[in-house]
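Here's the structure we're looking at; comments come further down.
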Amino acid sequence: MAIAGLGAVGKVIARELDKGIPGLALAAVSARNVARATDFVQQLSHAVPVVALEELAGLADIVVECAPPELLPRIALPVLQAGKKLVVLSVGALLAHPGLRETAIEYGGSILVPTGALIGLDAVAAAAEGTIHSVRMTTRKPLRGLAGAPYLEENGIDVASITTPTRIFSGTAREAARGFPANLNVSVALSLAGIGPDRTMLEVWADPTVTRNTHRIEVDADTASFNMTIENIPSENPKTGLITARSAVALLRKLSAPLKVGT
Ligand SMILES: NC(=O)C1=CN([C@@H]2O[C@H](COP(=O)(O)OP(=O)(O)OC[C@H]3O[C@@H](n4cnc5c(N)ncnc54)[C@H](OP(=O)(O)O)[C@@H]3O)[C@@H](O)[C@H]2O)C=CC1
Ligand SMILES: O=C([O-])CC(=O)C(=O)O
């Protein structure tokens, strides 16, 4: 196992691997700040090397990508070309690089997307086996959870000046991935589990009354209608909910579990 990116998500995964996940052992990590990453890995019970992103594939059978989205191809290509497993957290970036799917097919690799900061992808995937009529998602974020999104700059939106809940975006998951590359991975994961990025509709609210990144999904299908809400406690990175890393750890644990629960 190797981890690309040692931020809010990567550090939690590294610590959990260090505590022990059956069938998996941490072999290497990659980060931008090598000195800080070296300090971190030395605190683990089994220190591992800090290497360049491109080297991870040679050192592990599974690589977890939890780095800034623009690095996805650099991390993903060597892993998939080696026919290995890539766990992707920067899900939004998958839409900009559709060739990665073809690479996985060509070389026998696979891309695994955990539910991450969202909820209910088991039910969405089950409903997608039949006919889903519509998928809608509404995200409410505290202002700190939206800072830095290109969509805000392009549209002259100054979130810091917002004092009442304000809808700042309405569109498809594909449009959201372009406008909010570090804030709305969840909408892309939802779309990939269900009816795709062009039919999955999303509203984003900048909401100074909430302290948690809150996502509500509403699905109407021929087998069921359901709606669910998750209120994510922010991690050390205000854009990233605490549950995100836990979701990746749960996926890793499931890989070799003798009893696998959930779709
Ligand atoms: N799928 C989902 O539900 C969710 C996905 N995400 C996504 O997951 C990803 C990780 O999130 P998070 O952990 O909060 O992000 P952070 O910003 O906390 O961490 C990013 C890490 O990437 C490292 N990094 C940056 N540049 C490089 C480089 N050139 N080589 C190696 N490592 C590098 C940084 O290193 P350093 O520490 O040295 O600067 C940092 O450790 C993001 O893309 C985020 O949008 C987030 C939440 C939910
Ligand atoms: O989807 C994302 O990138 C992050 C997010 O909304 C959350 O953690 O709640």
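In each ligand, atom 1 is the first atom listed, and ligand 1 is the first ligand listed.
For atom 2 (C) of ligand 2, the candidate residues are Asn183, Val204, Thr244; the nearest heavy-atom contact is made by Asn183. Compare Cys66, Pro234, Gly92 by their heavy atoms: the one nearest to atom 10 (C) of ligand 1 is in Cys66.
Using a 4.0 Å cut-off to heavy atoms of Gly116, the atoms of ligand 1 that qualify are 3 (O). For ligand 1 and Leu53, the ligand atoms under 4.0 Å from any heavy atom of the residue are 30 (N), 31 (C).
Considering backbone and side-chain atoms alike, Ala8 places an N or O below 3.5 Å from some N or O of ligand 1. Below 3.5 Å of separation, one finds an N or O of Thr240 facing an N or O of ligand 1. Note: an N/O pair closer than 3.5 Å links Asn185 and ligand 1 by distance alone.
Transitive grouping of hydrophobic side chains (ILVMFWY, heavy atoms separated by less than 4.5 Å) brings Val186 and Val219 into a common cluster.
Summary of contacts: the protein heavy atom closest to atom 15 (O) of ligand 1 is Asn237 ND2, 3.6 Å. Protein heavy atom nearest atom 36 (P) of ligand 1, with residue, atom name and distance: Arg36 NH2, 3.3 Å. The shortest contact between atom 3 (O) of ligand 2 and any protein heavy atom is with Asn185 ND2, 2.9 Å.
With no hydrogens or angles considered, no side-chain donor-acceptor pair links Asp220 and Ser134 at under 3.5 Å.
Heavy-atom neighbours of Lys85 NZ from other residues, nucleotides or ligands within 6.0 Å: at or below the threshold of 12. Within 6.0 Å of atom CG in Leu26, more than 12 heavy atoms from other residues, nucleotides or ligands are found, so the atom counts as buried in its surroundings.
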